[in-house]
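Data block below; observations after.
What you see below is based on every heavy atom in this structure, not just the backbone, and it leaves out hydrogens, waters and symmetry mates. Every chain is numbered from 1, with letters handed out A, B, ... down the list of sequences.
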Amino acid sequence: MEKSFFDSVHDLARQIPYGRVSTYGAIAKHLGMARSARMVGWAMNASHNLEDVPAHRVVNRVGLLSGKHHFEGTNLMQQLLENEGIKIKNNQVVDFEQLFWEEFQ
DNA sequence: AAGGTGACCGGCC
DNA sequence: TGGCCGGCCACCT
């Protein structure tokens, strides 16, 4: 099995620390494809099968939980984030810029 | 093999 | 921030 684009995205997603969030664009940028953030979203969809990919810590550029509809129920993503101490208001991360993290290794 | 699709982003108003 | 639009690119059928 060669390492696919999806795997790379999953690796980066796993690096997001507890209590912090990142964006699709940040991940895409780190992969050298800043304009292909859409593919990152697609990759996250595939990550749904995996258990060690914190997809709930990945939001869009304005801190909106754009992927919540892909989680079970309607507020699982929000619950997971609040469980990490992240405040959610109207489907978006409060103090997003402060919690934003992109120090990928 | 070609076309459709998408958990997005940046620019503009 | 919000709405609209064009671009982008790997994956699936």
Please tabulate, for side-chain N and O atoms in residues 49-57 of chain A, each donor-acceptor pair with protein atoms closer than 3.5 Å (sequence neighbours left out).
from	atom 1	to	atom 2	distance (Å)
D52(A)	OD2	R14(A)	NE	2.9
H56(A)	NE2	E84(A)	OE2	3.0
R57(A)	NE	E84(A)	OE1	3.0
R57(A)	NE	E84(A)	OE2	3.0
R57(A)	NH1	I16(A)	O	2.8
R57(A)	NH2	E84(A)	OE2	2.8

Using a strict heavy-atom distance below 4.0 Å, which residues from residues 88-99 of chain A are in contact with DNA chain B? none
Would you jot down, in residue-number order, the residues of residues 47-59 of chain A having a non-hydrogen atom under 4.0 Å from DNA chain B?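 Those residues whose heavy atoms fall under 4.0 Å from DNA chain B, taken from residues 47-59 of chain A in numerical order, are H48(A), A55(A).
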Looking for any heavy atom pair under 4.0 Å, which part of the strands does F71(A) touch: base, sugar-phosphate only, or nothing? base
Remember a base hit wins even if backbone is also touched, and classify V40(A) as base, sugar-phosphate or nothing at under 4.0 Å, heavy atoms. nothing
Evaluation steps, side-chain contact (heavy atoms from CB on, under 4.5 Å), between Q78(A) and L65(A): CA-CA 8 Å; Q78(A) 176 172 339; L65(A) 307 190; 4.2 Å; yes
Atom pair CD/CD1 of Q79(A) and I88(A) - distance to nearest 0.5 Å: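 Result: 10.0 Å between the selected atoms.
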Below 4.0 angstrom from OP1 or OP2 of dC8(B), is there any side-chain N or O of S66(A)? yes
Output the rounded distance in Å from [atom1] ([X]) to [atom2] ([N]).
X	N	atom1	atom2	value
L64(A)	dG3(C)	CG	P	10 Å
M33(A)	dG6(B)	CE	C1'	14 Å
L81(A)	dA7(B)	CG	P	18 Å
F100(A)	dC9(B)	CZ	C1'	12 Å
F6(A)	dC9(C)	CZ	P	16 Å
Y24(A)	dC9(C)	OH	P	20 Å
H70(A)	dA7(B)	NE2	P	4 Å
K29(A)	dC8(B)	NZ	P	18 Å

So if you build clusters from Ile, Leu, Val, Met, Phe, Trp, Tyr with side-chain heavy-atom gaps below 4.5 Å, do V59(A) and V94(A) land together? no
Would a single hydrophobic cluster contain both F5(A) and F104(A), if residues Ile, Leu, Val, Met, Phe, Trp and Tyr are joined by side-chain heavy-atom contacts under 4.5 Å? yes
What I'd like to find out is whether the side chain of [X] reaches to under 4.5 Å of the side chain of [Y], using heavy atoms alone.
X	Y	value
K87(A)	E82(A)	no
W101(A)	P17(A)	yes
N60(A)	T23(A)	no

Just the atom pairs and distances: protein N or O near nucleotides 5-7 of chain C's N or O, under 3.5 Å.
from	atom 1	to	atom 2	distance (Å)
dG7(C)	O6	R38(A)	NH1	3.3

Mind listing the side-chain donor-acceptor pairs of residues 24-45 of chain A below 3.5 Å, one per line with the distance, residues two or more places apart or on another chain?
from	atom 1	to	atom 2	distance (Å)
Y24(A)	OH	V58(A)	O	3.4

Give the nucleotide from the list dC8(B), dC9(C), dA10(C) with an atom nearest to the side chain of S36(A).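 The answer is dC9(C), which lies nearest to the side chain.
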Please determine, for the side chain of N45(A), which listed nucleotide (dA10(C), dA7(B), dC9(B)) has the closest atom? dA7(B)
H10(A): which residues meet the ring pair (Phe, Tyr, Trp, His ring centres under 6.0 Å) condition with it, sequence neighbours left out? none
Contacts of type ring pair (Phe, Tyr, Trp, His ring centres under 6.0 Å), residue H48(A), not counting sequence neighbours: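 Ring pair (Phe, Tyr, Trp, His ring centres under 6.0 Å) list for H48(A), sorted by chain: F71(A).
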Quick check: does any side chain N or O of E102(A) sit under 3.5 Å from a backbone N or O of S22(A), one acting as donor and the other as acceptor? no
Looking only at side-chain N and O atoms, does S4(A) offer a donor or acceptor that is under 3.5 Å from a partner on D7(A)? yes
Taking Watson-Crick and G-U wobble contacts under 3.5 angstrom, with | marking pairs to another strand and [ ] crossing pairs, the secondary structure of DNA chain C is written .||||||.|||||
Under the rule for side-chain hydrogen bond (donor to acceptor under 3.5 Å, both in side chains), what residues qualify as partners of N91(A), not counting sequence neighbours? K68(A)
Residues two or more places apart in sequence or in another chain: which of them pass side-chain hydrogen bond (donor to acceptor under 3.5 Å, both in side chains) with E103(A)?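 Checked E103(A) against side-chain hydrogen bond (donor to acceptor under 3.5 Å, both in side chains); zero matches.
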Under 3.5 Å, N/O pairs linking protein and nucleotides 10-13 of chain B:
from	atom 1	to	atom 2	distance (Å)
dG10(B)	N7	R61(A)	NH2	3.2

Between dC8(B) and dT1(C), how far apart are the P atoms? Round to whole Å, please.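 One P to the other, the span is 16 Å.
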On the 0 to 90° scale, with breaks at 30° and 60°, tag the F96(A)-F100(A) ring pair as parallel, tilted or perpendicular. tilted
Which other residues belong to the hydrophobic cluster containing L64(A), where Ile, Leu, Val, Met, Phe, Trp and Tyr are joined when side-chain heavy atoms lie under 4.5 Å apart, directly or via other members?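 Via sub-4.5 Å side-chain contacts, L64(A) links to V62(A).
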